[in-house]
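Written out below as structure tokens is the structure these notes cover.
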Protein chains: 2
Amino acid sequence: MGNELRQFKSEIFQGLAHPTRIAIVELLREGELSAGQLIAKLGIEQANASQHLAVLRARQIVVKRKAGNQVYYSIRDHALIEILDILRRYFYSQLSTAVGLLREAAREESKSRNGAQR
Amino acid sequence: MGNELRQFKSEIFQGLAHPTRIAIVELLREGELSAGQLIAKLGIEQANASQHLAVLRARQIVVKRKAGNQVYYSIRDHALIEILDILRRYFYSQLSTAVGLLREAAREESKSRNGAQR
DNA sequence: ACAGTATATTCGAAATCTCGAATATTGTCA
DNA sequence: TGACAATATTCGAGATTTCGAATATACTGT
């Protein structure tokens, strides 16, 4: 049960498993952009951008609209934005945890520096 | 700006970009399980499960606790569960959209079947 | 029809991921 | 200590991903 659902989820994750594709989704957050605009903002090769867009399209993460010569991309579903937001919060909470861990490590270190060194 | 954050996000997605790892996270939803229990429920090779657990550990998605001979795993942060839930809802909404599209296609087809065929 | 612009696809090489087999590590119990 | 159980790591082969270069496709304006 839920095997198909699991497959679906992992495909979405694969679709987002590259910094460039995350960047694309984030750029599309405010609304649609043409492929050309995306390429300009990303500062990468045209072919490469197009390949990443193809991945996002294949996973239905993104949707395209043709207007004359150009192709406008937009996010298919707000759920994905929500997910990125959750991860942003998660990142910062992990960060503060990491800071805590570093402080603790520093405390340990000074303790051993002051105590019996070997 | 946010480059590091983007890297972080894509690493989390990479961490979850495999059905087996999704299954592991889902199994851990209710609470911790030992590696052995996970392997039994997953029904895969011990080495393979251990490798997937290593991936989840490396990305800090999962946390381990040793108890004697065994190692108990649990989810490090509830945020990830939230994400899986969002994707579950998303999956079903896409599914109903797909059904809608199929219906529409069927309607189109019968229309052209009844109308002037060429 | 032709030149030009925007975007997509194909190709091949390098990098990364995934798997099972084999082996290593760690802890328990006698 | 030695045998055993639980888990992790290493290795090599095959699959997949990623990249830029080259090429193809589609649309526009003349």
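Source: prediction; values computed, not measured.
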Output the residues of residues 49-61 of chain A in contact with DNA chain C, where contact means a heavy atom of the residue under 4.0 Å from an atom of the strand; sort by number or write none. Ser50(A), Gln51(A), Arg57(A)
For DNA chain C, the residues among residues 24-31 of chain B that have a non-hydrogen atom under 4.0 Å from it: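 Listed by number, there are none.
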So, for [X] and [Y], which heavy atoms are closest and what is the spacing to 0.1 Å?
X        : Y        : value
Ile61(B) : Ile12(B) : CD1-O, 4.0 Å
Leu27(A) : Leu33(A) : O-CD1, 3.7 Å
Leu84(A) : Lys9(B)  : O-CE, 3.5 Å

Base, sugar-phosphate, or nothing for Ala35(A), non-hydrogen atoms under 4.0 angstrom? sugar-phosphate
Using the C1' atoms of the five pairs at each end, what is the angle between the end axes of the helix from dA1(C)-dT30(D) to dA30(C)-dT1(D), to 10°?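 Answer rounded to 10°: the end axes differ by 20°.
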Without decimals, in angstroms, what is the distance between [X] [atom1] and [N] [atom2]?
X        : N       : atom1 : atom2 : result
Gln14(B) : dT18(D) : CD    : C1'   : 12 Å
Ile39(A) : dA6(C)  : CD1   : P     : 10 Å
Lys64(A) : dT9(C)  : NZ    : C1'   : 11 Å
Leu42(B) : dG20(C) : CG    : P     : 12 Å
Asn48(B) : dT23(C) : CG    : P     : 19 Å
Gln46(A) : dT18(D) : CD    : P     : 18 Å
Glu11(A) : dC17(C) : CD    : C1'   : 16 Å
Gln37(A) : dA6(C)  : CD    : C1'   : 12 Å

Checking [X] side chain against [Y] main chain: does a donor-acceptor pair fall under 3.5 Å?
X        : Y        : answer
Glu11(B) : Phe8(B)  : no
Arg29(B) : Ile24(B) : no
Arg21(A) : Gln14(A) : yes
Gln94(B) : Phe91(B) : no

I need the Ile81(B) CD1 to Ile86(B) CD1 distance, nearest 0.5 Å.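 Result: 12.0 Å between the selected atoms.
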Any donor-acceptor pair under 3.5 Å joining the side chain of Glu45(A) to the base of dA21(D)? no
Is there a chain of hydrophobic side chains (I, L, V, M, F, W, Y, each step under 4.5 Å between heavy atoms) that links Leu56(B) to Val63(B)? no
Kindly say if Tyr73(A) contacts the phosphate of dA6(C), meaning a side-chain N or O under 4.0 Å from OP1 or OP2. no
Counting heavy atoms from C-beta on, name the nucleotide in dC19(C), dT7(D), dA21(C) closest to the side chain of Gln70(B).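 Per side-chain heavy atoms of Gln70(B), the pick is dT7(D).
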With the side chain of His18(A) defined as its heavy atoms from C-beta on, choose the nearest nucleotide among dT7(C), dT18(D), dG20(C). dT18(D)
Under 3.5 Å between N/O atoms: give me all the protein pairs with nucleotides 25-30 of chain C, atom names plus distance.
none

Give every residue pair that meets the ring-ring contact (aromatic ring centres under 6.0 Å, His included) criterion with at least one member in residues 33-82 of chain B, sequence neighbours excluded. His18(B)-His52(B)
Please evaluate residues Ser50(B) and Gln46(B) with respect to the criterion side-chain contact (heavy atoms from CB on, under 4.5 Å), reporting the C-alpha separation (whole Å), side-chain torsions for both, the decisive distance (0.1 Å), and the verdict. CA-CA 6 Å; Ser50(B) 204; Gln46(B) 180 268 327; 4.1 Å; yes
side-chain contact (heavy atoms from CB on, under 4.5 Å) assessment of Tyr90(A) paired with Ile83(B): CA-CA 11 Å; Tyr90(A) 177 44; Ile83(B) 289 174; over 6 Å; no
Ile22(A) and Phe13(B): side-chain contact (heavy atoms from CB on, under 4.5 Å), yes or no, with the steps? CA-CA 10 Å; Ile22(A) 304 269; Phe13(B) 288 132; 3.4 Å; yes
Taking salt bridge (Lys or Arg N to Asp or Glu O under 4.0 Å) as the test, write out the residues that go with Glu32(B), two or more places apart. Arg65(B)
